[in-house]
Amino acid sequence: DYRLYDNWVLEELKGKKVLVQGWGNVGAAAGYYLSQAGAVLTGIIDRSGGVLNGEGYTKEEVIRLFHSRTKDMFGGFKKEENINELFWQQEADIFIPAAASRLVTLDQLTSLADRGLKVIACGANVPFADPEIFFGPIGRYADHHMSVIPDFISNCGMARVFAYLMSNPEKT
């Protein structure tokens, strides 16, 4: 029954802290859907700056942040001056690297891991700054210290497949 899976996912996400790297189409959509499912978006970093809120943004604030990506990035929110250092010092359960490929360094990843990071749900094709495309030292560290959901699941149309499979069979 698709509703059992849906309820399980919602309970598992409720209250989990989320950090998002990259606030374009992929990162903003991930942040929006996670917040609507009960996760707590606490930080966003993007090439134009970033925002942090240790208590988490409300669903309404996440919607405003979502719309800010096409207008005035983070307009109406306090941008953090030292976001490139502060972002990696936050506590989080889930990290969404959805910016350009090969940006996440080992120091950044170990900082998040030391603060309790449990899941990386990749939105970037190759999030880790390894010289090797696959299975470099940063990627291996991630595999050994947390759960990594690879981008081929998130970037190959699987969201549509999952949405279809979890939909009400009478309405599809």
Side-chain angles (χ1 to χ4, degrees), residues 16-37 39-134 136-139 141-143 145-159:
K16 298 293 190 240
K17 290 186 174 185
V18 179
L19 292 171
V20 180
Q21 178 192 38
W23 199 243
N25 291 334
V26 174
Y32 168 80
Y33 284 111
L34 286 167
S35 74
Q36 298 303 301
V40 180
L41 185 62
T42 59
I44 303 165
I45 189 171
D46 194 87
R47 68 177 144 225
S48 66
V51 294
L52 297 172
N53 180 345
E55 300 301 313
Y57 293 99
T58 66
K59 291 179 182 182
E60 294 76 21
E61 288 173 320
V62 173
I63 291 169
R64 284 186 25 231
L65 285 163
F66 180 89
H67 290 295
S68 81
R69 78 191 197 292
T70 57
K71 299 174 193 164
D72 176 23
M73 186 71 91
F74 309 125
F77 292 87
K78 179 188 176 286
K79 285 188 184 180
E80 292 293 334
E81 288 186 32
N82 297 324
I83 190 67
N84 291 318
E85 292 101 40
L86 294 174
F87 181 85
W88 306 104
Q89 298 169 10
Q90 303 303 303
E91 290 182 12
D93 299 295
I94 302 167
F95 170 51
I96 310 288
S101 292
R102 294 181 154 176
L103 295 181
V104 181
T105 68
L106 184 59
D107 288 343
Q108 293 165 339
L109 196 58
T110 56
S111 181
L112 292 177
D114 290 346
R115 289 164 177 80
L117 184 67
K118 295 171 185 62
V119 176
I120 298 175
C122 300
N125 292 327
V126 181
F128 309 120
D130 286 320
E132 304 85 358
I133 292 179
F134 301 109
I138 303 169
Y141 176 87
D143 287 337
H145 291 87
M146 57 213 64
S147 296
V148 179
I149 301 171
D151 75 301
F152 69 84
I153 291 173
S154 60
N155 280 346
C156 291
M158 292 309 295

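Remember, predicted model here, so these are calculated numbers, not experimental data.
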Those residues that, when tested against Asp46, pass side-chain hydrogen bond (donor to acceptor under 3.5 Å, both in side chains) (two or more places apart):
none
Qualifying residues under side-chain hydrogen bond (donor to acceptor under 3.5 Å, both in side chains), relative to Thr105, sequence neighbours excluded:
Gln108
Counting only N and O atoms by type, is there a donor-acceptor contact under 3.5 Å from the side chain of Ser68 to the main-chain atoms of Met73?
no
Counting only N and O atoms by type, is there a donor-acceptor contact under 3.5 Å from the side chain of Tyr57 to the main-chain atoms of Leu65?
no
Return the minimal non-hydrogen interatomic distance between [X] and [Y], and the atom names on each side.
X	Y	answer
Val26	Ala98	CG1-CB, 3.9 Å
Arg102	Pro131	NH2-O, 3.2 Å
Ala142	Leu109	CB-CD2, 3.6 Å

Taking only residues two or more places apart in sequence or in another chain, which ones pass ring-ring contact (aromatic ring centres under 6.0 Å, His included) with Tyr141?
His145
How many angstroms lie between atom [atom1] of [X] and atom [atom2] of [Y], to the nearest 0.5 angstrom?
X	Y	atom1	atom2	value
Ile120	Leu112	CD1	CG	8.0 Å
Cys122	Phe128	SG	CZ	5.0 Å
Ile138	Asp130	CD1	CG	4.0 Å
Ile96	Ile44	CD1	CD1	11.5 Å

Give every donor-acceptor pair under 3.5 Å between a side-chain atom in residues 77-88 and any protein atom, sequence neighbours left out.
{"residue": "Lys79", "atom": "NZ", "partner": "Ser48", "partner atom": "O", "Å": "3.3"}
{"residue": "Trp88", "atom": "NE1", "partner": "Asn84", "partner atom": "O", "Å": "3.4"}

Over 12 foreign heavy atoms within 6.0 Å of CD, Gln89:
yes
Should [X] and [Y] count as side-chain neighbours, where that means a heavy-atom distance under 4.5 Å?
X	Y	answer
Lys16	Val119	no
Leu41	Tyr32	no
Pro97	Phe95	yes

Salt bridge (Lys or Arg N to Asp or Glu O under 4.0 Å) pairs, two or more places apart, involving residues 52-67
none
Which residue pairs pass the salt bridge (Lys or Arg N to Asp or Glu O under 4.0 Å) test when at least one of the two sits in residues 106-126, sequence neighbours left out?
Asp93-Lys118
Please determine whether side chain to side chain contact (heavy atoms under 4.5 Å, CB included) holds for the pair Ile94 and Val18, giving the CA-CA distance in whole Å, both sets of side-chain angles, and the decisive distance to 0.1 Å.
CA-CA 5 Å; Ile94 302 167; Val18 179; 4.1 Å; yes
Looking at residues at least two apart in the chain, or sitting in another chain, which of them share a side-chain contact (heavy atoms from CB on, under 4.5 Å) with [X]?
X	answer
Leu103	Gln21, Ala99, Ala100
Arg47	none
His67	Ile63, Lys71
Ala92	Leu19, Leu117

